[in-house]
Amino acid sequence: MNLIFLGPPGSGKGTMATAVEKALGIPQISTGDMLRRHMREGTPLGIAAKSYVDKGELVPDDIVIGMVKERLHQPDCRNGYILDGFPRTVAQAEALGAIADIDTVVNFELSDEIIMRRLADRRVCPHGHGTFSAAGLGSEEVCPQCGAVLVHRHDDKEDTVRNRLNVYHTQTEPLIAYYLKSGKFLSIAMEGTVEDNRRTLMQALENAAKE
Ligand code: ADP
């Protein structure tokens with residue numbers, strides 16, 4: 001199954017993609033994670049992307065499209081994949097449409113107000129062991145899996161989040177209309193707990209697969 005997860009930053013699409021990866025055994029392809037890895041390793045792609053990511057702007061389409069094309073050719077994508085954070089522009093969606101058959105587009109819905117609150121509280125493991133709520137951790141902000149000190153992503157700071165939401169509304173939200181026409185589109189409200197949202201999503205994906 002080839003899936004696209006759409007939605008504003010902080011809507012929980014990454015957490016849901018991790019859950020679906022586990023449940024269905026298909027890889028989560030997070031362009032945000034891939035870009036951050038390139039930035040950490042100081043590759044030419046990472047150096048080119050850094051100024052955009054730090055400001056909460058979109059990295060230019062040609063860079064991201066090239067990176068995703070290469071990733072989709074890897075053998076672990078043969079039985080399907082979950083695109084988390086791609087496409088984010090109509091140009092990216094068109095480039096993807098030329099190389100892939102998408103089965104379902106899931107749109108995750110959450111208000112800007114809740115997103116602002118969630119991202120102020122979000123902490124991530126620097127070794128990729130997931131996302132945590134600072135409020136849920138108390139004073140010990142360490143990864144429960146590896147013990148590393150958790151970080152508040154530089155682009156999760158308030159001003160940058162505002163900019164990311166702006167970018168989302170102007171450049172990514174038009175993809176809802178773009179994919180609505182395809183008839184392979186479903187929307188999930190993300191106000192609930194992670195477990196509630198996961199159950200709703202799995203049920204919706206099962207129903208979509210039957211159609
Ligand atoms: P979030 O979904 O929480 O905004 P991501 O980790 O998906 O966070 O993305 C972080 C940043 O990486 C974005 O603000 C943007 O700069 C860059 N990025 C990720 N995916 C794309 C994409 N498909 N196109 C352009 N830039 C991207």
Side-chain angles (χ1 to χ4, degrees), residues 3-18 21 27-41 43 45-72 81-97 99-100 102 105-112 114-126 128-133 151-176 178-179 188 190 194 197:
L3 304 173
I4 292 176
F5 283 7
L6 265 187
S11 57
K13 58 186 187 309
T15 304
M16 292 298 111
T18 304
E21 174 179 62
Q28 167 185 13
I29 299 176
S30 159
T31 44
D33 285 348
M34 290 168 81
L35 290 168
R36 280 186 290 279
R37 197 171 323 121
H38 276 285
M39 285 160 52
R40 253 195 329 270
E41 291 170 1
T43 68
L45 195 156
I47 293 165
K50 187 173 183 336
S51 63
Y52 300 97
V53 174
D54 283 350
K55 285 191 291 238
E57 307 281 339
L58 293 185
V59 173
D61 285 333
D62 55 338
I63 296 183
V64 184
I65 290 168
M67 186 179 80
V68 170
K69 273 191 183 164
E70 195 183 308
R71 180 67 188 87
L72 293 183
Y81 45 79
I82 310 150
L83 286 169
D84 161 18
F86 182 93
R88 256 176 158 97
T89 62
V90 171
Q92 291 179 17
E94 284 170 349
L96 178 66
I99 58 158
I102 298 302
V105 179
V106 185
N107 176 46
F108 296 97
E109 296 178 327
L110 198 63
S111 70
D112 287 7
I114 300 180
I115 288 169
M116 292 296 300
R117 262 190 272 138
R118 282 199 186 169
L119 292 186
D121 182 60
R122 173 159 88 171
R123 300 292 181 273
V124 293
C125 167
H129 293 129
T131 297
F132 308 89
S133 146
V151 292
H152 190 206
R153 261 168 54 183
H154 179 70
D155 62 343
D156 276 351
K157 305 279 155 65
E158 193 174 332
D159 285 352
T160 315
V161 171
R162 264 186 225 292
N163 195 31
R164 282 159 66 200
L165 283 170
N166 252 332
V167 166
Y168 168 76
H169 290 301
T170 53
Q171 301 193 58
T172 306
E173 214 166 29
L175 289 180
I176 295 178
Y178 181 91
Y179 283 119
I188 308 259
M190 292 293 281
V194 170
N197 295 339

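All values below were derived from every heavy atom in this structure, side-chain atoms included, with hydrogens, water molecules and symmetry-related copies excluded. Given the structure is predicted, the values throughout are model-derived calculations rather than measurements. Counting convention: from 1, in listed order, for ligands and their atoms alike.
Of all the heavy atoms of Leu35, the ones lying under 4.0 Å from any atom of ligand 1 belong exclusively to the side chain.
In this structure, Ile4 CD1 and Leu96 CG are separated by 5.0 Å, a value rounded to the nearest 0.5 Å. Atom CG of Asp84 and atom OG1 of Thr31 lie 7.0 Å apart (nearest 0.5 Å).
The distance from ligand 1 to the heavy atoms of Thr31 drops below 4.0 Å at these ligand atoms: 19 (C), 20 (N), 21 (C), 23 (N). In the vicinity of Gly10, heavy-atom distances shorter than 4.0 Å reach the ligand 1 atoms 3 (O). For ligand 1 and Arg122, the ligand atoms under 4.0 Å from any heavy atom of the residue are 3 (O). Short contacts between ligand 1 and Lys13, defined as distances under 4.0 Å to a heavy atom of the residue, involve ligand atoms 2 (O).
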**Message:** Assess the residue pair Asp155 and Thr160 against the criterion (side-chain hydrogen bond (donor to acceptor under 3.5 Å, both in side chains)); give the C-alpha distance rounded to whole Å, side-chain angles, the decisive distance to 0.1 Å, and a yes or no.
**Reply:** CA-CA 5 Å; Asp155 62 343; Thr160 315; over 6 Å; no

Exercise for the section: Apply side chain to side chain contact (heavy atoms under 4.5 Å, CB included) to the pair Phe86 and Ile29, showing each step before the final yes or no. Expected result: CA-CA 8 Å; Phe86 182 93; Ile29 299 176; over 6 Å; no

Walk me through it: do Val68 and Leu83 pass the test side chain to side chain contact (heavy atoms under 4.5 Å, CB included)? CA-CA 9 Å; Val68 170; Leu83 286 169; 4.2 Å; yes

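Taking distance alone, with nitrogen or oxygen atoms compared against 3.5 Å, Ser30 stays at or beyond that limit from ligand 1. Residue Pro8 has no N or O atom closer than 3.5 Å to an N or O atom of ligand 1. Between Val64 and ligand 1, no N or O atom pair is found at a separation short of 3.5 Å. Here's the thing with Asp155: none of its N/O atoms is less than 3.5 angstrom from an N/O atom of ligand 1.
Within the 4.0 Å heavy-atom shell around ligand 1 one does not find Met67.
The residues Asp112 and Arg162 are annotated as not salt-bridged, no charged nitrogen and carboxylate oxygen being separated by less than 4.0 angstrom.
Among all protein heavy atoms, the one lying closest to atom 16 (O) of ligand 1 is Glu57 O, 2.6 Å.
Although no hydrogens or angles enter the test, the distance criterion places a donor-acceptor pair under 3.5 Å between the side chain of His152 and the main chain of Leu119.
Among Arg36, Arg164, Lys50, the residue whose heavy atom lies nearest to atom 3 (O) of ligand 1 is Arg164.
Between the side chains of Thr89 and Gln171, no donor N or O sits under 3.5 Å from an acceptor N or O.
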